[in-house]
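Working notes, beginning with the structure itself.
Worth saying up front: this structure is predicted, and the values here are computed from it rather than measured.
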2 protein chains.
Amino acid sequence: MADIARRPAHRYGSRPTMKDVAARAGVGLKTVSRVVNGEPGVTADTERRVQEAIEALGFRRNDSARVLRKGRTASIGLVLEDLANPFYGPLSRAVEEVARAHGALLINGSSAEDPGREQELVLAFCARRVDGLIVIPAGTDHRYLEPELRAGVATVFVDRPAGRIEVDTVLTDSFGGARAGVAHLIAHGHRRIGFIGDQPRIHTAVERLRGYRAAMADAGLAVADGWVSLGSTEPGRVREALAAMLAGPDPVTALFAGNNRVTVTAVRELAGRSRPVALVSFDDIELADLLGITVVAQDSAALGRTAAERLFRRLDGSGEPPARLELPTRLIPRGSGELPPA
Amino acid sequence: MADIARRPAHRYGSRPTMKDVAARAGVGLKTVSRVVNGEPGVTADTERRVQEAIEALGFRRNDSARVLRKGRTASIGLVLEDLANPFYGPLSRAVEEVARAHGALLINGSSAEDPGREQELVLAFCARRVDGLIVIPAGTDHRYLEPELRAGVATVFVDRPAGRIEVDTVLTDSFGGARAGVAHLIAHGHRRIGFIGDQPRIHTAVERLRGYRAAMADAGLAVADGWVSLGSTEPGRVREALAAMLAGPDPVTALFAGNNRVTVTAVRELAGRSRPVALVSFDDIELADLLGITVVAQDSAALGRTAAERLFRRLDGSGEPPARLELPTRLIPRGSGELPPA
DNA sequence: TAGGGCCTGGACAACGTTGTCAGGGCGGGA
DNA sequence: TCCCGCCCTGACAACGTTGTCCAGGCCCTA
């Protein structure tokens with residue numbers, strides 16, 4: 001077989017490099033680099049020859065090599081809980097838009113609410129040398145990020161605060177939103193109000209519960225044991241919790257649903273009941289307007305945008321100390337929250 | 001000032017390398033590499049020393065350099081239209097899960113239905129040397145991908161076919177789904193049925209329209225000019241199209257909505273009308289069950305999963321020729337599609 | 001016409017990692 | 001005791017790019 005074509009220009013699965021382009025164009029390697037990067041100091045004629053060679057070979061610069069040289073990757077990582085949850089789609093898209101405006105790409109991953117997986121994703125992103133990180137944390141201890149922060153990886157936590165490290169944080173005012181939502185129910189005459197929220201290790205779940213309790217306390221109302229339920233947002237669990245609140249001699253007349261997942265199950269469940277139960281949802285949902293669901297809306301796109309803007313400001317060298325921003329919620333009455341107690 | 005600490009271990013913004021770890025552990029560079037990669041041939045004691053140094057310095061392997069050496073990045077790129085659209089969230093998540101099972105990360109980007117932006121994203125991904133690409137195309141000519149395909153980038157198109165290149169494609173049976181949906185309306189007595197779809201350069205929009213026409217033809221029904229409207233899914237446009245169909249002497253008694261964006265606007269619009277209009281939606285929507293919206297559902301997660309699995313099978317060396325898969329739809333009657341003509 | 005400066009182009013090292021290969025130490029067998 | 005062989009370890013090149021630096025040629029001016 002001897003040595004037919006030891007390194008053909010198009011060996012399958014291999015790609016042309018600047019060296020190949022240079023050879024074909026009959027110029028030096030660095031000249032190709034100059035053309036590819038639009039650097040000055042190349043005559044029009046030379047540039048044309050190089051462009052032709054690039055075109056002919058289908059050359060595409062290898063960014064890994066580039067990154068190795070330059071240090072910056074022009075990419076940021078986003079770790080969230082679940083991209084399939086409609087709350088995170090707009091958030092992710094908003095981050096992407098800001099990144100794009102800064103010439104950066106977005107890598108994202110879903111933690112599935114598992115701290116181990118969150119860390120795994122974050123560290124994988126760091127190994128890729130992302131310039132920045134936006135994290136919606138699942139865990140509560142983020143000291144594993146310390147070396148990254150020291151190395152200058154811009155980091156912003158969103159929706160939930162970081163644990164045991166000091167970083168920029170952008171939150172929704174969960175406490176205030178829940179308090180306002182529950183106060184709304186109380187203003188419409190409710191005295192026995194249930195609360196179903198997410199798992200107690202999730203910051204927003206706890207904050208919203210705190211808001212609920214504050215509103216009840218503000219009105220001088222006691223909270224019975226069976227009215228509060230934190231746990232998985234899995235439909236079966238929510239159904240059970242709701243059934244428990246509606247059974248017994250003193251059933252709740254209204255429900256505050258702690259997030260969009262809880263709400264969809266609650267709405268389905270309440271729709272099957274004869275006695276009307278008032279409902280206020282934390283999180284807006286598509287078509288909730290048509291179903292007349294009163295919500296405490298948070299703007300997930302704004303959350304993402306704000307976080308990304310803060311991240312890029314930091315990358316651009318603003319030396320501000322880490323801050324904590326809180327975005328307001330908006331109560332949107334649509335009927336379900338204005339039902340009188342039955 | 002002389003030369004105090006020419007290269008301190010923790011210069012801000014720089015990161016320790018294997019060399020630094022090796023120096024601290026008093027071993028050779030390659031030994032560190034061996035430990036980091038779990039390669040055999042390192043004594044327990046040496047390994048411990050290296051691990052300690054890694055810990056102390058907060059070392060994290062630089063994957064850019066690794067990629068440069070090894071050739072594979074263990075990442076795949078996903079280009080879709082808009083991550084904020086609830087149709088794409090589950091799709092993206094499904095792709096991510098498959099990627100994760102194969103140890104790969106996911107980079108994604110939204111084309112915003114702009115072919116230029118689609119190409120820009122795809123080529124940026126290729127410059128990062130993604131191992132594979134999953135594309136929901138906005139454009140109709142993908143010859144720009146030829147060098148990438150030659151170079152061995154596994155590529156799968158989803159939801160819409162590729163233009164002028166031969167690649168794996170995973171589609172939903174838009175034609176069949178629409179035909180079945182419209183036939184359903186006809187079976188419930190409708191003769192004047194409207195169709196509002198997405199822009200005519202989008203493959204699915206055209207296929208669904210074709211399905212609509214086929215169902216009408218099957219029933220021997222003529223389609224009047226004003227009953228069909230393709231265009232942007234922006235609410236204002238959809239409202240106008242719908243208003244036009246419902247005005248005049250012979251208004252439509254039923255509407256087939258070409259996708260989820262059209263449906264949400266149509267449902268809102270129809271809710272305000274006194275005369276009931278039947279509706280079947282292509283695409284399911286959250287809470288559509290409660291609103292009684294009859295839908296032709298497609299499984300966007302299955303679309304993503306199928307595409308990703310095909311992609312990884314290709315990466316694992318299956319030499320199958322490019323194929324075209326079509327996933328079925330499912331008609332779910334919920335009331336709106338079973339209304340009699342008014 | 002000669003000299004100087006500018007403009008273009010190329011050689012070379014470096015980025016941080018991994019594959020190759022060779023060397024040294026140690027244990028076991030003769 | 002000596003030698004062979006194995007196991008562990010490290011030196012070195014290479015991956016593809018960019019920054020630095022230098023050389024050569026051209027043009028302009030004196």
May I ask you to test the A/Phe157-A/Leu133 pair for a side-chain heavy-atom distance under 4.5 Å? no
Do the side chains of A/Tyr88 and A/Leu78 get nearer than 4.5 Å, heavy atoms only? no
Sequence neighbours left out, what pairs pass side chain to side chain donor-acceptor pair (under 3.5 Å) with at least one residue falling in residues 51-61 of chain B?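 Sorted result for residues 51-61 of chain B: A/Glu148-B/Arg60, B/Asn37-B/Arg61, B/Arg48-B/Glu52, B/Arg61-B/Asp63.
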d([atom1], [X]; [atom2], [N]) in whole Å:
{"X": "A/Arg69", "N": "C/dT17", "atom1": "CZ", "atom2": "C1'", "value": "15 Å"}
{"X": "A/Asn62", "N": "D/dA14", "atom1": "CG", "atom2": "P", "value": "18 Å"}
{"X": "B/Leu29", "N": "C/dG16", "atom1": "CG", "atom2": "P", "value": "11 Å"}
{"X": "A/Leu68", "N": "C/dA14", "atom1": "CG", "atom2": "C1'", "value": "9 Å"}
{"X": "B/Leu57", "N": "C/dG16", "atom1": "CG", "atom2": "C1'", "value": "15 Å"}
{"X": "B/Arg129", "N": "D/dG16", "atom1": "CZ", "atom2": "P", "value": "9 Å"}

Would you mind telling me which of D/dT18, C/dG10, C/dT18 lies closest to the side-chain atoms of B/Met18?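 Closest nucleotide to the B/Met18 side chain: C/dT18.
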Which listed nucleotide (D/dA14, D/dT17, C/dG10) is nearest to the side chain of A/Phe59? D/dT17
Side chain of A/Arg66, base of D/dT17: donor and acceptor closer than 3.5 Å? no
Residues in ring-ring contact (aromatic ring centres under 6.0 Å, His included) with B/Phe312, at least two apart?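 B/His102.
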Of all residues at least two apart in sequence or in a different chain, which pass the ring-ring contact (aromatic ring centres under 6.0 Å, His included) check with B/Phe125? none
Just to verify, what does B/Glu320 make a salt bridge (charged side-chain N to carboxylate O under 4.0 Å, His left out) with, not counting sequence neighbours? B/Arg310, B/Arg313
Enumerate the salt bridge (charged side-chain N to carboxylate O under 4.0 Å, His left out) contacts for residues 98-112 of chain A, please, sequence neighbours excluded, ordered by first and then second residue.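 The answer is A/Arg100-B/Glu120.
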Pairs involving residues 67-83 of chain A, ordered by first then second residue, that meet salt bridge (charged side-chain N to carboxylate O under 4.0 Å, His left out) (sequence neighbours left out): A/Asp82-B/Arg93
[N], OP1 or OP2 - any side-chain N/O from [X] closer than 4.0 Å?
{"X": "B/Arg61", "N": "C/dT18", "answer": "yes"}
{"X": "A/Lys70", "N": "D/dG19", "answer": "yes"}
{"X": "A/Thr46", "N": "C/dT8", "answer": "no"}

Any side-chain donor near an acceptor of the partner, B/Ser92 and B/Asn108, under 3.5 Å: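 Yes, because at least one side-chain N or O of B/Ser92 sits under 3.5 Å from a partner of the opposite role on B/Asn108.
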Near-strand residues of residues 30-43 of chain A, defined as heavy-atom separation under 4.0 angstrom from DNA chain D: A/Lys30, A/Ser33, A/Asn37, A/Glu39
Using a heavy-atom cut-off of under 4.0 Å over every strand shown, decide if A/Ser64 touches base, sugar-phosphate, or nothing.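 The residue A/Ser64 makes no contact with any strand.
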Under 4.0 Å, heavy atoms only, any strand: does B/Val67 hit a base, just the sugar-phosphate, or nothing?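 Nothing: the residue B/Val67, judged by heavy atoms under 4.0 Å, touches no strand.
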For residues 25-32 of chain A, dump all side-chain donor-acceptor pairs below 3.5 Å to protein atoms at least two apart in sequence or in another chain.
none

Pairwise 5' ranking along DNA chain D for B/Ala65 and B/Gly28, keeping only the more 5' one: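 Result of the comparison: B/Gly28.
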What does the inter-axis angle of the helix from C/dT1-D/dA30 to C/dA30-D/dT1 come out as, five pairs per end, nearest 10 degrees? 50°
